[in-house]
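In what follows, every chain begins at residue 1, and chains take the letters A, B, ... in the order their sequences are listed. Worth saying up front: this structure is predicted, and the values here are computed from it rather than measured.
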Amino acid sequence: MQQTYTPSDIEKAAQQYWESTQAFKAVASKDKPKYYCLSMFPYPSGKLHMGHVRNYTIGDVLSRFHKMKGYNVLQPMGWDAFGLPAENAAIKNKVPPAKWTYDNIEYMKGQLKSLGFAIDWSRELATCRPEYYKWNQWLFLRMLEKGIAERKTQVVNWDPVDQTVLANEQVIDGRGWRTGALVEKREIPGYYLKITDYADELLKDLDTLEGWPERVKLMQANWIGKSTGVRFAFSHDITGDDGKLINDGQLWVFTTRADTVMGVTFCAVAAEHPLALHAAKDNVALAAFIEKCKHGSVMEADMATMEKEGLPTGLYVTHPLTGEQVEVWVGNYVLMSYGDGAVMGVPAHDERDFAFAKKYDIAIKQVIANGDKPFSLDGWQEWYGTKDGICVNSGKYDSLDYTAAVDAIAADLAAKGVGEKKVQWRLRDWGVSRQRYWGCPIPIIHCDDCGSVPVPEDQLPVVLPEDCVPDGSGNPLHKRADFINTTCPKCGKPAKRETDTMDTFVDSSWYYARYATGAGATTMVDAETDYWMTVDQYIGGIEHAILHLLYSRFWTKVMGDLGLVKYREPFAHLLTQGMVLNNAFFQKPEGGGKNYFWEEELDVQRDAKGLITGAKLKSDGSVLEHELTTMSKSKNNGVDPQALIEQYGADTARFFMMFAAPPEQTLEWADSGVEGAHRFLKRVWAFGHGLSTEAKAEVTGSLSEDLANARREIHLTLKQASYDLSKQQFNTVASACMKILNALEKVQKDAAAGWAAVAHEGFSILLRVLSPIAPHIGHVLWQDLGYGSDILAAAWPEPLEAALKQDTIELMLQVNGKLRGSVKVAADVSKEVIEATALADEMALKFMEGKAPKKVVVVPGRLVNIVV
RNA sequence: GCCCGGGUGGUGAAAUUGGUAGACACAAGAGACUUAAAAUCUCUCGGCCUUUGGCUGUACGGGUUCGAUUCCCGUCCCGGGCACCA
């Protein structure tokens with residue numbers, strides 16, 4: 001074997017071996033338990049970044065570990081290939097999104113292959129291929145039939161200059177990212193999937209997901225947001241132009257605080273609410289305010305932080321319990337699309353209403369008391385808003401607590417026929433229509449006579465033309481007569497195709513099932529899918545904790561209800577990988593937004609601790625701001641792993657990435673430890689080279705103390721590493737590899753008889769623990785040292801009790817909880833003997849200062865604490 | 001603003017989830033080898049002090065406990081998500 005460690009040769013040889021033996025081709029088989037290990041597929045943005053390397057190395061370590069444990073492993077890979085960045089690239093470079101995407105896929109696939117991942121490439125898919133998205137369309141049509149999909153109106157960001165719908169990401173400080181024009185809210189028709197019909201099951205089934213992190217389940221539960229409240233109506237006799245009562249003379253609201261209904265002093269409605277529009281007809285100021293509300297953001301974060309503003313309508317409604325007249329206001333914080341587009345205002349017991357009432361001088365009426373805490377109008381107190389209190393100033397409801405008051409008030413409202421208890425979900429239906437070109441066409445044909453007609457199944461897929469070049473204004477499909485013009489499937493007259501495409505979350509909601517179908521499947525899923533599903537281990541970024549994972553769970557349940565699959569949940573175990581962060585440098589140009597620059601374009605100043613104190617553009621010296629954020633194409637801060645792979649090899653890149661931090665932890669990227677990882681692999685190689693000429697033998701008989709200690713250290717470390725692997729804590733598995741090598745190197749080669757046996761035993765353990773992380777060097781050394789032909793077929797090592805055995809153990813000695821020394825005792829000694837030994841210890845006596853022990857705490861195998 | 005995480009040496013981190021704080025590394029410093037450099041190897045490395053010893057120390061302030069990085073309450077800071085980025 002070669003004397004020097006040359007990753008390029010080693011990695012080529014190992015990869016050729018895997019390729020020629022089809023080592024990672026997954027074949028359904030009942031002989032072994034199956035292990036479906038899935039990493040979230042990448043968006044083909046151009047190059048891999050460190051987040052990808054982290055994600056896929058984690059998946060690969062788990063895949064290879066399970067292969068060695070005797071599982072039938074499936075690890076597939078594919079491309080989340082539709083999306084906005086391809087259109088942005090098209091605008092910039094005048095290249096069709098399809099070409100850009102396919103070129104990126106080809107390059108990134110090469111990068112993934114060079115990292116030596118144990119992927120079954122025969123199952124590769126790209127969501128922009130008709131043979132894949134055909135089934136999006138097919139399932140969408142099934143959902144339409146079942147009433148799970150429906151057409152209604154949606155609110156979008158509209159750029160009036162480009163005449164284009166903007167994604168939230170493209171709205172910067174209320175303006176279009178390219179035009180700088182003030183963005184308007186606009187209502188347009190679109191398709192929704194009724195995920196709210198599944199809210200209950202999506203919430204309940206979280207309890208069955210034992211392999212999911214608690215925090216993700218908690219986030220999903222909060223997102224679904226089940227709350228029980230009361231929906232009730234204020235009455236009015238306001239008539240519209242047609243002479244009829246607006247909304248049948250009822251203003252409906254929903255509240256989770258029905259116990260405070262007696263404290264209502266105003267109502268607030270959304271700017272688009274019929275009462276608001278009615279009042280605005282002869283109120284210029286109100287009309288202007290409503291117009292202004294149209295320019296607000298549709299994003300929840302903006303809604304929650306913006307200044308709450310409102311205007312009175314001059315209209316009054318009647319309180320259903322008190323009969324009092326309550327004024328209706330228009331509030332910029334009330335959403336028409338949420339509930340009934342109206343809310344009750346209880347300033348005394350809702351922080352937002354309190355601020356609103358103070359600002360506009362609306363009455364504040366206390367109806368909840370907490371002990372004898374004084375209620376003051378001066379400032380908001382935390383307790384005003386809590387549910388622990390009793391009703392006051394509430395007539396017959398006085399002295400009731402929260403639960404009793406809600407029950408009584410709900411009953412009275414129900415008796416009058418103007419209200420009822422209602423379960424309310426925070427979760428909203430999933431709007432899937434996108435006014436964008438590079439996505440899966442929605443299979444609908446619009447006919448002047450027949451309306452919206454589903455495309456017949458035998459005409460699927462509706463194929464997206466791949467040669468369009470978007471220019472940023474409107475959807476380029478509108479200019480494609482060959483795509484748009486068709487005939488109505490119902491009446492045969494000329495008709496137009498829907499040009500909206502589907503949300504890319506649709507594509508990623510079921511790809512895991514498609515990987516598992518057999519080659520050449522003629523249905524969406526097949527019998528082989530049943531063998532592989534569910535996914536045993538899913539790995540991906542924590543940023544997907546809610547949306548993608550919730551949509552996938554929903555999609556699975558829909559497929560289940562359509563009889564396509566038997567499982568109700570797609571992912572048994574979930575590992576949420578921490579994000580890889582890097583500094584991003586930007587300037588804020590006039591008109592808002594952020595312009596990002598690559599660090600190479602800048603001079604970055606740092607203080608003695610390495611913290612960034614400032615950054616200037618090399619070209620003109622202008623000053624930049626910086627933030628620590630996720631690596632992404634749009635922020636010009638992604639670190640391409642290619643240079644690392646070329647300089648040090650894939651094994652170093654993988655090993656370093658695993659060593660740098662535990663997988664779930666956020667990682668601030670710095671390559672300062674890469675050298676160390678590489679040095680370690682060089683030492684592994686050198687040790688293997690030295691050992692390759694030593695005869696192999698079983699460890700027998702008694703060993704010298706040094707050898708026995710080294711062997712115990714190795715087996716102890718192995719035990720810890722196996723435990724760490726079960727916890728999916730790979731950074732300490734990597735350091736375990738280093739500890740084993742340190743132990744092996746520490747004993748002199750000629751120290752004693754039996755050295756070679758211990759060294760071979762230890763080194764073969766090292767290679768097996770190391771190989772899931774650094775598979776190339778593991779594979780080649782395993783062969784070169786003659787341990788076997790394929791390390792993947794080798795059994796996972798088990799620590800030997802004989803090697804771990806110890807006669808005496810050392811316990812830490814504490815006096816009053818402070819470390820004062822240690823005591824050595826026989827390993828099998830009783831608590832009483834330990835106590836006696838400790839109390840007789842010189843250091844113990846010194847720090848007891850002659851006082852009698854009050855208590856002696858003995859923790860077996862760890863410590864003894866004398867309390868005086 | 002709301003929901004979910006995180007904060008430990010100069011740096012990345014570890015601590016078998018209440019039991020020796022800083023394993024394993026990186027960086028730095030000193031030394032060995034070398035004509036020299038690289039590579040490699042050895043040693044030192046949280047802070048303070050009166051240094052074969054002691055005090056102190058896990059963002060900050062309290063609490064529970066024989067014992068707290070770990071559990072509880074409060075505060076500050078950082079990251080993720082907030083429904084059209086993926």
J.: Each nucleotide N or O in nucleotides 16-23 of chain B that has a protein N or O under 3.5 Å away: list the pair and distance.
T.:
{"unit_1": "B/rU16", "atom_1": "N3", "unit_2": "A/Arg862", "atom_2": "NH2", "d": "2.9"}
{"unit_1": "B/rU16", "atom_1": "O4", "unit_2": "A/Arg862", "atom_2": "NH1", "d": "2.9"}
{"unit_1": "B/rU16", "atom_1": "O4", "unit_2": "A/Arg862", "atom_2": "NH2", "d": "2.7"}
{"unit_1": "B/rG19", "atom_1": "N2", "unit_2": "A/Gln814", "atom_2": "OE1", "d": "3.4"}
{"unit_1": "B/rA23", "atom_1": "O2'", "unit_2": "A/Lys739", "atom_2": "NZ", "d": "3.2"}

J.: Roughly how many Å apart are B/rU17 and B/rG29, using the P atom of each and rounding to a whole number?
T.: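 About 40 Å, rounded to a whole number of Å.
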
J.: Determine the Euclidean distance between corresponding P atoms of B/rA14 and B/rC66; express it in Å to zero decimal places.
T.: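 About 30 Å, rounded to a whole number of Å.
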
J.: Quick check on RNA chain B: between A/Glu675 and A/Met299, whose nearest nucleotide comes earlier from the 5' end?
T.: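 Here A/Glu675 is the residue nearer the 5' end.
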
J.: Quote, to the nearest angstrom, the C1' distance that separates B/rC76 from B/rA59.
T.: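 Comparing C1' positions in B/rC76 and B/rA59 gives a spacing of 8 Å.
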
J.: Given A/Phe82, which partner from the list A/Tyr132, A/Tyr133, A/Tyr511, A/Phe41 fulfils the ring pair (Phe, Tyr, Trp, His ring centres under 6.0 Å) test?
T.: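 Of all the options given, the one that passes is A/Tyr133.
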
J.: Whole Å only: how far is the CD atom of A/Glu745 from the P atom of B/rC24?
T.: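 That distance rounds to 13 Å.
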
J.: Heavy-atom nearest nucleotide on RNA chain B for A/Leu667 versus A/Ile188: which residue maps closer to 5'?
T.: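 It is A/Leu667, whose closest nucleotide lies nearer the 5' terminus.
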
J.: Do A/Tyr192 and A/Trp430 have their ring centres less than 6.0 Å from each other?
T.: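 Not close enough - the centres of the two rings lie 6.0 Å or further apart.
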
J.: Both distances below 3.5 Å, Watson-Crick or wobble geometry, any strand: find the nucleotide opposite B/rA37.
T.: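 B/rA37 is unpaired by these criteria.
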
J.: Any side-chain donor paired with an acceptor under 3.5 Å for A/Asn637 and A/Asn583?
T.: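 Side-chain D/A pair, A/Asn637 to A/Asn583: absent.
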
J.: Give a yes or no on this: more than 12 heavy atoms of other residues, nucleotides or ligands lie within 6.0 Å of atom NZ of A/Lys746.
T.: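 No - once you tally the heavy atoms of other residues, nucleotides and ligands closer than 6.0 Å, there are 12 at most.
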
J.: For the pair A/Glu300 and A/Arg426, find out whether any cationic side-chain nitrogen is under 4.0 Å from an anionic carboxylate oxygen.
T.: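 Between A/Arg426 and A/Glu300 there is a salt bridge, with a charged N closer than 4.0 Å to a carboxylate O.
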
J.: Provide the distance between the two C1' atoms, one in B/rG67 and one in B/rU20, to the nearest whole Å.
T.: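 Going atom to atom, C1' in each nucleotide, I get 12 Å.
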
J.: Checking A/Tyr333 against A/Phe356 for the ring pair (Phe, Tyr, Trp, His ring centres under 6.0 Å) test, could you report, in this order, the C-alpha distance in whole Å, the side-chain angles of both residues, the deciding distance, and whether it holds?
T.: CA-CA 11 Å; A/Tyr333 60 94; A/Phe356 194 81; 5.5 Å; yes

J.: Please give the distance between the P atoms of B/rU65 and B/rC82 as a whole number of Å.
T.: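 Straight-line distance between the two P atoms is 44 Å.
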
J.: Between B/rC24 and A/Gln729, is there an OP1 or OP2 to side-chain N/O distance shorter than 4.0 Å?
T.: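 Looking at the OP1 and OP2 atoms of B/rC24, neither is under 4.0 Å from any side-chain N or O of A/Gln729.
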
J.: A quick test of your reading: do over 12 heavy atoms of other residues, nucleotides or ligands sit less than 6.0 Å from NZ of A/Lys308?
T.: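 Above 12, so yes.
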
J.: If I pick the C1' atom on B/rG9 and the same atom on B/rA15, what distance separates them, to the nearest angstrom?
T.: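 Here B/rA15 and B/rG9 have their C1' atoms 15 Å from each other.
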
J.: Do you know which two heavy atoms are closest between A/Ala743 and A/Ile714, and how far apart they sit?
T.: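 Shortest heavy-atom contact: CB-CG1, 4.0 Å.
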
J.: For B/rU16, decide between syn and anti, treating a glycosidic angle within 90° of 0 as syn.
T.: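 Classified anti.
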
J.: Any Lys/Arg nitrogen of A/Arg178 or A/Asp162 sitting under 4.0 Å from an Asp/Glu carboxylate oxygen of the other?
T.: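 Counted as a salt bridge, because a side-chain N and a carboxylate O are separated by less than 4.0 Å.
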
J.: Are A/Lys152 and A/Glu187 ion-paired here, with the side-chain N under 4.0 Å from a carboxylate O?
T.: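 Result for this pair is no, no salt bridge flagged.
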
J.: Under 4.0 Å between a side-chain N or O of A/Arg679 and OP1 or OP2 of B/rC26?
T.: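 Yes, A/Arg679 has a side-chain N/O under 4.0 Å of OP1/OP2 on B/rC26.
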
J.: Would you mind calling B/rG62 syn or anti? Take O4'-C1'-N9-C4 for purines or O4'-C1'-N1-C2 for pyrimidines, and syn is within 90° of 0.
T.: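 Anti conformation for B/rG62.
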
J.: Taking the C1' atom in each of B/rG57 and B/rC78, what is the distance between them to the nearest angstrom?
T.: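 Roughly 22 Å separates the two C1' atoms.
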
J.: Whether A/Asn168 contacts B/rC82 is assessed here as follows: a side-chain N or O lying under 4.0 Å from the phosphate OP1 or OP2. Is that the case?
T.: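 For A/Asn168, the contact criterion (side-chain N or O under 4.0 Å from OP1 or OP2 of B/rC82) is not met.
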
J.: Taking the same atom, P, in B/rA37 and in B/rG46, what whole-Å distance lies between them?
T.: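 Approximately 29 Å lies between the P atom of B/rA37 and that of B/rG46.
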
J.: Take atom NE2 of A/His49 and atom P of B/rC85, then tell me their distance rounded to the nearest Å.
T.: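 Result: 16 Å.
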
J.: Considering only nitrogen or oxygen atoms on both sides, find all protein atoms under 3.5 Å from nucleotides 79-81 of chain B and state each distance.
T.:
{"unit_1": "B/rG80", "atom_1": "OP1", "unit_2": "A/Thr629", "atom_2": "OG1", "d": "3.2"}

J.: I'd like to compare against my own output: the B/S/- annotation of nucleotides 45-62 of chain B with a strict under-4.0 Å heavy-atom distance to protein.
T.: ---------SSS------

J.: In terms of relative ring orientation, are A/Phe656 and A/Trp669 parallel, tilted or perpendicular, with 30° and 60° separating the classes?
T.: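 Perpendicular.
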
J.: Between the side chains of A/Asp429 and A/Lys194, is the shortest nitrogen-to-carboxylate-oxygen separation below 4.0 Å, so that they form an ion pair?
T.: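 Salt bridge: no.
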
J.: Mind checking who B/rG29 pairs with, Watson-Crick or G-U wobble, both distances under 3.5 Å?
T.: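 B/rC43 - that is the nucleotide pairing with B/rG29, both distances being under 3.5 Å.
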
J.: Taking A/Arg683 first and then A/Glu745, would you say they form a salt bridge - that is, a charged N and a carboxylate O separated by under 4.0 Å?
T.: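 A/Glu745 and A/Arg683: salt-bridged.
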
